[in-house]
Amino acid sequence: MQHGALADLREIPSVVGGNEESRHGIVLAKSLPAKRFHIQTGETLYSARQKCPGLVVVPPHYWLYVECSNAMVQILREYSPEVQRFSVDECFLDYTKMDKHFGDPVKVANVIKNRIRDELGFTVNIGISVNKLLAKMAGELKKPDMVHTLYPDEIPEKMWPLPVKELIMVGRATAPKLHALGIHTIGDLAKCDVQLLESKLKSHGRLIWEFSNGIEGSSVRNDRPEMKGIGNSTTTPFDVTDEKTAFMFILSLTETVAMRLRDAGLCCSLVAVSIRNKDFISYARQRKIHYATDSTDEIYSIAKQLFREIWRDEPVRHLGVRVSALSLGKNSQLSFFTQKDPVKMKALDSAVDNIRLKHGSRAITRAAFAHSGISARSGGVGEEDYPIMSSIL
DNA sequence: TCTGGGGTCCTAGGACCC
DNA sequence: TCTGGGGTCCTAGGACCC
């Protein structure tokens, strides 16, 4: 709207959606008017259009969302030093003792909400309570542009009547199991016998029972949690039926993963490859390596082995490469067994990284991709070129 | 013109050790 | 005609979040 768009996507049935031609055709986000047609995030654009002919579909602009997210966090930090990013569009803010400086939390929440709307141009919901779980549930109440409280004494009135699937951590698999036990609302869950839930759902049963009673005690962490793994995956634009083509996609994914790994200053000791076939069956294989590496070539070579070991010689629609068991890059243990000179490999990776950082990721690519019709780098949500990675969230 | 991509955590089973 | 118990590490798969 700030750039002169004619229609406000928020006021018409509209969705942000992926590109159907490249088999990315799902709903990523929806407007409230689109929601009234029962369009759901994650469903196919095809099905969304059936529910709402004339639906407006626009492509995503991930880096715009990141910029907006950063601007929002900047405002939040004015009101508390303890702000935890939960996702690109959600934060937790610890207001403990901050009322001495800024006053009543509900009043301040309204000020913050209005500032974000007026200064940044988008609306937010703010939920207030005594812990993160209840604050989050409060934020999910009526939208848009609202402030809600959900204090413990308000739980029976505001949270218990909701369908149990609205509770965080009750998803596609748990909801039907709860329904089978006669549990349909969050209130039903809260009044259910914990022992019974624990026997049916193990520790998850106790967790969601506690949540349904508003019990949750984690703190708002300002620092970013330690990264556990880095992965990229992609739905291929066409079914892959031969190993050679699969290896090209795996290489392009490995390029992204390894660059992110080096950008974060880390090495990995575990490599995993995942496959989804044309019937949507997924499987994966992982291997622990007894040294740590951040080399594109080394990760690629392990990923190729893993693919060979599991591929069922069938049409593939999705491929993924993921590294974990991360350690600090400095002083990394060199392997006795790699054929190539590790010092030279490191220098090569670092030279390529620097060229891409300076001149864009397309400035230098492997010759294998030339005229192949396959992107030399894949993974990531961005339609645009990646600038650099770990610095964002 | 069917069905995305990036994560974390938990559980179960097998191999191996003493 | 038999066959423990405690532990760690590794792999596969599933569930959840946004």
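FYI, side chains are in, hydrogens and waters are out, and symmetry mates aren't considered; it's all heavy atoms of this structure. The sequence lines fix the lettering, A, B, ..., with proteins before strands; numbering per chain opens at 1.
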Under 4.0 angstrom, heavy atoms only, what part of the nucleic acid is [X] near: base, sugar-phosphate, or nothing?
| X | result |
| --- | --- |
| A:Thr174 | sugar-phosphate |
| A:Glu90 | sugar-phosphate |
| A:Gly18 | nothing |
| A:Lys136 | sugar-phosphate |

Would you say [X] places a side-chain N or O within less than 4.0 Å of OP1 or OP2 belonging to [N]?
| X | N | result |
| --- | --- | --- |
| A:Lys228 | B:dC9 | yes |
| A:Asn232 | B:dG6 | yes |
| A:Arg172 | C:dA15 | no |
| A:Arg49 | B:dC2 | no |
| A:Lys202 | B:dA12 | yes |

Answer yes or no on whether A:Lys132 is positioned over the face of A:Phe92, meaning its NZ or CZ is under 6.0 Å from the six-membered ring centre and within 45° of the axis. yes
Regarding A:Gln286 and A:Arg322, is there a side-chain donor-to-acceptor distance under 3.5 Å anywhere? no
Is there a salt bridge (Lys or Arg N to Asp or Glu O under 4.0 Å) between A:Arg221 and A:Asp94? Walk through the geometry before answering. CA-CA 9 Å; A:Arg221 280 192 343 261; A:Asp94 189 348; over 6 Å; no
For B:dC2, does the O4'-C1'-N9-C4 (purine) or O4'-C1'-N1-C2 (pyrimidine) torsion place it in syn, i.e. within 90° of 0, or in anti? syn
In whole angstrom, what separates A:Leu270's CG from C:dT11's C1'? 9 Å
Using the P atom as the reference point in each nucleotide, state the distance between C:dG4 and B:dG14 in Å, no decimals. 16 Å
For A:Phe86 and C:dC18, is the gap between ring centres under 5.5 Å while the planes differ by less than 30°? no
Is any side-chain N of the basic residue among A:Glu255 and A:Arg366 closer than 4.0 Å to the acidic one's carboxylate O? yes
pair_partner(C:dC18), Watson-Crick or wobble, both distances < 3.5 Å, evaluates to B:dG5
Would you mind pulling out the nucleotide paired to B:dC10, Watson-Crick or G-U wobble, both distances under 3.5 Å? C:dG13
Along DNA chain B (nearest heavy atom to each residue), the more 5'-positioned of A:Gly231 and A:His204: A:Gly231
